[in-house]
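Nothing here was measured: the structure is a model prediction, and the numbers come from that model. Only this structure's heavy atoms are used, side chains among them; waters, hydrogens and symmetry mates stay out.
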Amino acid sequence: MLEKTQRADRLAEICMQIGFALWQLQELEGCTAIYFVLLTQASKGMGRSIGEALVEKAQSKTFGATIKQLEKANLLPTDLAKRYISLLEERNWLVHRSRTDSRGAIHHELIAQKLLLRLDAIADEAAALLKMIGLKMESFAQENGVSNDQIELQSARLLREWQTNSDD
């Protein structure tokens with residue numbers, strides 16, 4: 001019975017880490033698409049609806065396509081591009097091959113620990129890149145006349161919306 005419980009606990013931990021890594025990746029993918037739109041397609045005075053349509057279109061593309069577009073537009077320094085490409089490879093492994101490659105993780109502690117470390121690394125790198133791309137977007141906004149107060153106000157509003165699950 002103890003072994004069954006241990007396997008169930010291990011599976012729960014693995015699923016939780018997979019979910020967290022995927023959420024981090026999704027957030028990065030979405031923000032990276034916004035970064036692309038902001039720097040290559042947005043223009044002053046275009047309005048919210050046009051901007052949202054551009055973002056929606058950009059977010060419908062694959063993560064790999066967005067990275068390639070950023071590279072083509074020379075918006076990713078080489079070191080950052082390498083990190084994005086490496087994370088893309090890890091993302092693709094997670095989505096397409098992680099279960100097959102980690103079949104023994106539920107039954108063997110060492111395999112589980114190796115998988116969990118890899119999942120943690122994916123989530124950590126996604127969070128680090130998200131922070132970097134966020135700072136780049138903030139700098140771009142400031143360079144184009146958006147004040148820190150406006151950025152903080154919009155950030156607080158968006159955070160409230162997320163926390164209350166409201167679009168008010």
Side-chain angles (χ1 to χ4, degrees), residues 10-42 48-103 105-106 112-141 146 151-168:
R10 203 174 287 144
L11 176 60
E13 185 176 4
I14 289 167
C15 289
M16 184 175 64
Q17 290 298 101
I18 288 169
F20 182 70
L22 286 171
W23 274 25
Q24 293 293 87
L25 286 164
Q26 287 174 356
E27 191 67 26
L28 177 63
E29 289 177 26
C31 287
T32 302
I34 292 169
Y35 176 70
F36 173 75
V37 168
L38 185 63
L39 270 68
T40 64
Q41 299 174 340
R48 185 176 183 157
S49 62
I50 292 172
E52 288 175 352
L54 290 171
V55 166
E56 188 176 319
K57 183 178 178 185
Q59 288 179 336
S60 72
K61 305 249 187 263
T62 67
F63 190 37
T66 302
I67 294 168
K68 285 178 185 168
Q69 288 176 314
L70 286 168
E71 286 182 305
K72 186 177 178 182
N74 292 317
L75 295 173
L76 286 180
T78 304
D79 60 325
L80 194 54
K82 286 180 183 177
R83 288 178 66 185
Y84 261 98
I85 291 166
S86 178
L87 186 61
L88 174 63
E89 290 169 3
E90 285 296 281
R91 177 236 178 255
N92 289 342
W93 168 82
L94 175 60
V95 171
H96 301 291
R97 298 183 315 278
S98 61
R99 184 169 182 200
T100 302
D101 290 354
S102 306
R103 282 208 190 275
I106 295 167
Q113 289 307 312
K114 183 178 175 185
L115 174 60
L116 291 170
L117 286 172
R118 191 169 182 180
L119 293 169
D120 281 342
I122 292 169
D124 290 347
E125 180 66 352
L129 288 172
L130 183 59
K131 185 175 182 178
M132 291 176 74
I133 210 75
L135 290 172
K136 285 183 172 296
M137 286 192 286
E138 187 176 309
S139 292
F140 179 82
V146 179
I151 292 170
E152 288 177 23
L153 184 66
Q154 288 300 319
S155 296
R157 181 191 58 77
L158 184 58
L159 186 58
R160 271 193 316 276
E161 286 177 13
W162 287 350
Q163 290 172 341
T164 62
N165 197 26
S166 170
D167 291 330
D168 299 339

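Residues satisfying the side chain to side chain contact (heavy atoms under 4.5 Å, CB included) test with A73, not counting sequence neighbours, are T40, L75. Every residue was checked against the side chain to side chain contact (heavy atoms under 4.5 Å, CB included) condition with A121, not counting sequence neighbours, and none meets it. Residues satisfying the side chain to side chain donor-acceptor pair (under 3.5 Å) test with W93, not counting sequence neighbours, are D101. Listed by chain and number, the residues in a side chain to side chain donor-acceptor pair (under 3.5 Å) with E13 amount to none (sequence neighbours excluded). By the salt bridge (charged side-chain N to carboxylate O under 4.0 Å, His left out) test, R97 pairs with no residue at all, sequence neighbours left out. In this structure, the side chain to side chain contact (heavy atoms under 4.5 Å, CB included) partners of E27, at least two apart in sequence or on a different chain, are C31, L130, W162. With sequence neighbours left out, E29 forms a side chain to side chain donor-acceptor pair (under 3.5 Å) with R91. Annotation: side chain to side chain donor-acceptor pair (under 3.5 Å) contacts of E52 (sequence neighbours excluded): R48. Remark: K61 pairs with K57, A65, T66, Q69 by the side chain to side chain contact (heavy atoms under 4.5 Å, CB included) rule, at least two apart or across chains.
Within the structure, salt bridge (Lys or Arg N to Asp or Glu O under 4.0 Å) contacts touching residues 62-80 (residues at least two apart or in different chains) do not occur. Pairs of residues two or more places apart, or lying in two chains, never qualify as salt bridge (Lys or Arg N to Asp or Glu O under 4.0 Å) while including a residue from residues 127-138. Note on residues 117-126: pairs passing salt bridge (Lys or Arg N to Asp or Glu O under 4.0 Å), not counting sequence neighbours, are R83-E125, E90-R118.
The local environment of CZ in F140 is crowded, with over 12 non-hydrogen atoms from other residues, nucleotides or ligands closer than 6.0 Å.
In this structure, the separation between OH on Y84 and OG1 on T32 is 3.0 Å, given to the nearest 0.5 Å. The line from CD1 of I34 to CE of M137 is 6.0 Å long, rounded to the nearest 0.5 Å. Between atom CE of residue M132 and atom CG of residue L28 there is a gap of 11.0 Å, rounded to the nearest 0.5 Å. Expressed to the nearest 0.5 Å, how far CG of L94 lies from CG of L22 amounts to 4.5 Å. Interatomic distance, L115 CG to I18 CD1, rounded to the nearest 0.5 Å: 6.0 Å. Considering CG of L76 and CD1 of I85, their distance stands at 8.5 Å, rounded to 0.5 Å.
Scanning both residues, A112 and R10, for their nearest heavy atoms gives CB-CD, 3.3 Å. Considering all non-hydrogen atoms of both residues, I122 and L87 come closest at O-CD1, 3.8 Å.
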Checking Q113 against L116 for the side-chain contact (heavy atoms from CB on, under 4.5 Å) test, could you report, in this order, the C-alpha distance in whole Å, the side-chain angles of both residues, the deciding distance, and whether it holds?
CA-CA 5 Å; Q113 289 307 312; L116 291 170; 4.0 Å; yes

Using side-chain contact (heavy atoms from CB on, under 4.5 Å), reason through L119 and F20 one step at a time and then give a plain yes or no.
CA-CA 9 Å; L119 293 169; F20 182 70; over 6 Å; no

Criterion side-chain contact (heavy atoms from CB on, under 4.5 Å) on L25 and V95, from CA distance to verdict
CA-CA 11 Å; L25 286 164; V95 171; 6.0 Å; no

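Put simply, the side chain of S86 never gets that close to the backbone of K82: no donor and acceptor are under 3.5 Å apart.
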